[in-house]
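Remarks on the structure that follows.
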Protein chains: 4
Amino acid sequence: MPKQTFFNLPEEKRERILGEAVAEFKDYDYDVASINRIVERSGISKGSFYQYFKDKEDLYLHIMSIIGEKKIQYLTPSMMNFAEVNFYDALREMYRAGIEFALENPDYAEIGNRMMKDTSGLLQKIRETFTPKGDDMFIALLQKGQENGDVRADLDLRLVAKIMIGMQISVVEYYFEKHQDEGYSMKIMEELDKFFDLIRNGIS
Amino acid sequence: MPKQTFFNLPEEKRERILGEAVAEFKDYDYDVASINRIVERSGISKGSFYQYFKDKEDLYLHIMSIIGEKKIQYLTPSMMNFAEVNFYDALREMYRAGIEFALENPDYAEIGNRMMKDTSGLLQKIRETFTPKGDDMFIALLQKGQENGDVRADLDLRLVAKIMIGMQISVVEYYFEKHQDEGYSMKIMEELDKFFDLIRNGIS
Amino acid sequence: MPKQTFFNLPEEKRERILGEAVAEFKDYDYDVASINRIVERSGISKGSFYQYFKDKEDLYLHIMSIIGEKKIQYLTPSMMNFAEVNFYDALREMYRAGIEFALENPDYAEIGNRMMKDTSGLLQKIRETFTPKGDDMFIALLQKGQENGDVRADLDLRLVAKIMIGMQISVVEYYFEKHQDEGYSMKIMEELDKFFDLIRNGIS
Amino acid sequence: MPKQTFFNLPEEKRERILGEAVAEFKDYDYDVASINRIVERSGISKGSFYQYFKDKEDLYLHIMSIIGEKKIQYLTPSMMNFAEVNFYDALREMYRAGIEFALENPDYAEIGNRMMKDTSGLLQKIRETFTPKGDDMFIALLQKGQENGDVRADLDLRLVAKIMIGMQISVVEYYFEKHQDEGYSMKIMEELDKFFDLIRNGIS
DNA sequence: AATGAATGAGTCTTCATTCAT
DNA sequence: AATGAATGAAGACTCATTCAT
């Protein structure tokens, strides 16, 4: 949690610092990311940095929480009426929200992915704080699906949830690689629907 | 390629060094892994290390090639009779081999995953040397499946291959977490079969 | 170019660092000169050094530019009225300035000579930035001499210029060795005049 | 002085080692030259090296003595009949010999120049061992010239000798730069003669 | 609140030399 | 006579963090 001094900063300055920090953590893993570089590019002094944040971890956690909040903004609306829609529509909506988040906030998505992959000990704890949310949402969704009869009853839901989260990342990466140049387009939803048909009806 | 001096070492020492290096690369990304720590824990001098290996990359590549060979040992037998078996049996066999490799060589698997995730530029090239194998195998398998009529014709095979590789990793991670204490057990195959049924027939 | 932090230093400290750096580059070629020694003798930490200078080359270039400026202070006055004086007076003045510079700034002269001799590749570029001045000045002087009829027309001026620059170094070295103990004295000019008579009228 | 073991070596091996050592000292100053590289390229073991030579300095001194001997081979014949010829012919012959040596043994010449330039303390002593020869020869020559009346009496011969040695190096370097591509040719003597005319009769 | 100089441990890598076999 | 493994000091450089002003 940044110190109060940070929140007292004029917004412009606060955003500048955060922006450069995001740029750094997008390009480098936590361990390799450099406070030196962030400070330099932000145009603030080293001393100031340590008056805003306790240490590197403090800054990182703050950014992660910002990313988390942003992600929830995308997900929440689609969760509202889960009760009413059927399982597949809900699942599709969830994927769509996640992908839209990634497309509109590529830096945040990249940092998130980086965190998921990192195993440097420090981040282990952090990950455990952030991932359950996503996991639990998927599991809850699947349970509802089982209740509705939309999903087979004999599945290990935690495994399926884990796989589906992994799928979401794979799909986003694939889309990034494929459409790198064309820029963002939600044409991805067409492909996603084919993918959902696959989930639903199997490969065969 | 390590220098000849390394291969001239008494096996015990050679294995000790490699063991400590593996332990290091298992715990840290390439950039963060420390030669200092490796030599310290191996009980050799820094000078000696550089008489065995050209540099950090040389050591890393050597370990990667050892891992690659090991993995091939697991995969090769199952590839033998791909022509004769049907698509799903082959796919199942492939997964089984991959999972067995990961369960019996968790450190190697961890290093492999780490490499796949790394974005430090240096490893980009290395990855391209090692990953095509996996990707291509999956794609080849899927193509054969399409020819046999086992797999639907309207699929983007590269996307499906990417997802299935991601799945394999997810599955392995899941079983690591679940069976951490119980130690390795191939009871996993029972659950995997349920999973394959899912792939085949869909979630519904 | 040193970083701003360096120029912010109290003058005493700044001069101490520069002094020790000059002492190092006077005693050792660029490649052999040691940052470790410089910081140790300056009484600053290694970290501080790299907050003042980007790297070894940065420090070296800064010193070279100081030397260059100093040298120009010696040369400029004598260049003022080249147009009016005859060739031999100009040449003599040029030598005198160079020798005076070397006698009064022996460390600078030594570093300069060292640079001229270096072949380490890095300094090649640097040399090309600094030497043209000297070469060109000599050639310009000789050309003017030819126009005035003071210098024979059948000479390869580039060769003569090269020789005369070498002569200047030889002369300085000679007086260093000879008058090492006696300290600096411009009695050298008497001998130099004999030498110029030699240049003018030949050995015979 | 190399150890006896070195001289017991089969000639082929001895020459190979020396050849690689010469190649190293041609490319790098004494301090920067690497025993590691020499050993590696010679295909001998580190241990062997130190059974042939006491240390780096021992090897270097041996090479310098070889170079010295070679140079004497070029110079001696021309010195034979100094008594009989006039001063300028002798001087011209001396230059010619030196230049021919440099053209036919460029590596040796390069190492020699490097030594002359080096000031690493160690080489100071070495230089003092080797240079007097050259200096003394020039001085002797000039003295004879003075006796014959070929050379003015009012010259500081040690200074003139130093300058003339420097000139020889300048001339060789110039010729190397100018005729780099055309390969070796004694056409240089034509230019040299112009240069001697200059020495003799002065610039004017 | 802001500064920025100071720090020492850390990074990878190369070196000349020794010594037991 | 030959080997080559072992070594520790030294090289340049980066790091996150502290603290006096």
Side-chain angles (χ1 to χ4, degrees), chain A residues 3-6 8-10 13 31-40 43-59, chain B residues 3-10 13 31-40 43-59, chain C residues 3-6 8-10 13 31-40 43-59, chain D residues 3-6 8-10 13 31-40 44-59:
Chain A
K3 305 181 184 172
Q4 184 55 41
T5 52
F6 180 63
N8 293 343
L9 249 36
K13 191 172 190 177
D31 282 319
V32 185
S34 159
I35 298 292
N36 279 9
R37 276 192 296 256
I38 293 173
V39 159
E40 197 173 327
I44 65 170
S45 71
K46 277 252 196 79
S48 291
F49 179 88
Y50 282 91
Q51 236 155 359
Y52 304 149
F53 304 97
K54 180 177 174 299
D55 52 22
K56 194 184 191 179
E57 184 181 348
D58 188 25
L59 164 63
Chain B
K3 303 182 184 172
Q4 186 55 41
T5 51
F6 180 65
F7 298 109
N8 294 343
L9 250 36
K13 190 172 192 173
D31 281 324
V32 186
S34 158
I35 299 293
N36 275 12
R37 274 194 297 257
I38 293 174
V39 301
E40 198 173 321
I44 64 172
S45 72
K46 225 179 286 194
S48 289
F49 177 87
Y50 283 93
Q51 235 159 356
Y52 305 149
F53 304 98
K54 182 178 173 299
D55 52 21
K56 195 185 190 178
E57 186 180 348
D58 189 24
L59 166 62
Chain C
K3 304 182 185 173
Q4 184 56 41
T5 52
F6 180 64
N8 293 344
L9 249 36
K13 190 171 192 176
D31 281 324
V32 186
S34 158
I35 300 292
N36 275 11
R37 273 193 298 257
I38 292 174
V39 301
E40 200 172 324
I44 64 171
S45 72
K46 222 178 291 192
S48 289
F49 177 87
Y50 282 94
Q51 232 159 1
Y52 305 148
F53 303 98
K54 183 180 174 299
D55 52 22
K56 194 185 190 177
E57 186 180 347
D58 188 24
L59 166 62
Chain D
K3 305 179 184 174
Q4 185 56 40
T5 51
F6 180 63
N8 294 343
L9 249 35
K13 190 173 190 174
D31 281 320
V32 185
S34 159
I35 299 293
N36 278 9
R37 276 193 296 256
I38 293 173
V39 159
E40 197 173 327
I44 65 171
S45 71
K46 278 255 196 76
S48 290
F49 179 88
Y50 282 91
Q51 237 155 358
Y52 304 149
F53 305 97
K54 179 177 175 299
D55 52 21
K56 196 184 189 178
E57 185 181 349
D58 189 24
L59 165 62

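Since the model is a prediction, treat every value here as computed from it, not as a measurement. Letters A, B, ... are given to chains in the order of the sequence lines, protein chains preceding strands, and every chain is numbered from 1. No hydrogens, no waters, no symmetry mates; every other heavy atom, side chains included, goes into these values.
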Can you tell me if [X] touches the phosphate of [N], counting only side-chain N or O atoms and a distance under 4.0 Å to OP1 or OP2?
| X | N | answer |
| --- | --- | --- |
| D/Tyr50 | E/dT17 | yes |
| A/Asn36 | F/dT14 | no |
| A/Ser34 | F/dA16 | yes |
| B/Ser45 | F/dG8 | no |
| D/Lys46 | F/dG4 | no |
| B/Ser48 | F/dT7 | yes |
| D/Lys13 | F/dA2 | yes |

Exercise for the section: Compute whether any side-chain donor of one residue and acceptor of the other, for A/Asn36 and A/Glu40, lie under 3.5 angstrom apart. Expected result: no
Spacing between [X] atom [atom1] and [N] atom [atom2], to the nearest angstrom:
| X | N | atom1 | atom2 | answer |
| --- | --- | --- | --- | --- |
| B/Lys54 | E/dT13 | NZ | P | 8 Å |
| B/Phe53 | E/dT14 | CZ | P | 15 Å |
| C/Glu40 | F/dA10 | CD | P | 9 Å |
| A/Asp55 | F/dC15 | CG | P | 17 Å |
| C/Asn8 | E/dA2 | CG | C1' | 15 Å |
| D/Gln51 | F/dG4 | CD | P | 13 Å |
| D/Phe49 | E/dT18 | CZ | P | 12 Å |
| C/Asp31 | F/dG11 | CG | C1' | 11 Å |

Handout entry: Out of F/dC15, F/dG11, E/dT13, whichever nucleotide has its closest atom nearest the side chain of B/Lys56
Key =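 Of the candidates, E/dT13 comes closest.
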Handout entry: Side chain of A/Arg37 - closest among E/dC15, F/dC15, E/dG8
Key =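 The nucleotide sitting nearest to the side chain is F/dC15.
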Handout entry: Residue whose closest nucleotide on DNA chain E lies nearer the 5' end, B/Ile35 versus C/Gly43
Key =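 That would be C/Gly43.
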Exercise for the section: Tell me which of B/Val32 and C/Leu9 sits closer to the 5' end of DNA chain E, going by the nucleotide each one is nearest to. Expected result: C/Leu9
Pick base, sugar-phosphate or nothing for [X], based on heavy-atom distances below 4.0 Å to the nucleic acid.
| X | value |
| --- | --- |
| A/Ile44 | nothing |
| D/Tyr52 | sugar-phosphate |
| B/Leu59 | nothing |

Exercise for the section: Could you go through the side-chain contact (heavy atoms from CB on, under 4.5 Å) check for C/Leu59 and C/Phe49 one step at a time? Expected result: CA-CA 10 Å; C/Leu59 166 62; C/Phe49 177 87; 3.7 Å; yes
Handout entry: Counter-base of E/dT21, judged by Watson-Crick or G-U geometry with both distances under 3.5 Å
Key =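 When the pairing criteria are applied, F/dA2 turns out to be the nucleotide that pairs with E/dT21.
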Problem - Watson-Crick or G-U wobble partner of F/dG8, both distances under 3.5 Å - result: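 Looking at the geometry, F/dG8 pairs with E/dC15.
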Donor-acceptor check, side chain of [X] to backbone of [Y], threshold 3.5 angstrom: yes or no?
| X | Y | result |
| --- | --- | --- |
| A/Lys46 | A/Ile35 | no |
| C/Lys56 | C/Ser34 | no |
| A/Lys13 | A/Ile44 | no |

Practice task
Hey, could you give me the NZ/CD distance between A/Lys3 and A/Gln51, rounded to the nearest 0.5 Å?
Solution key: 6.5 Å
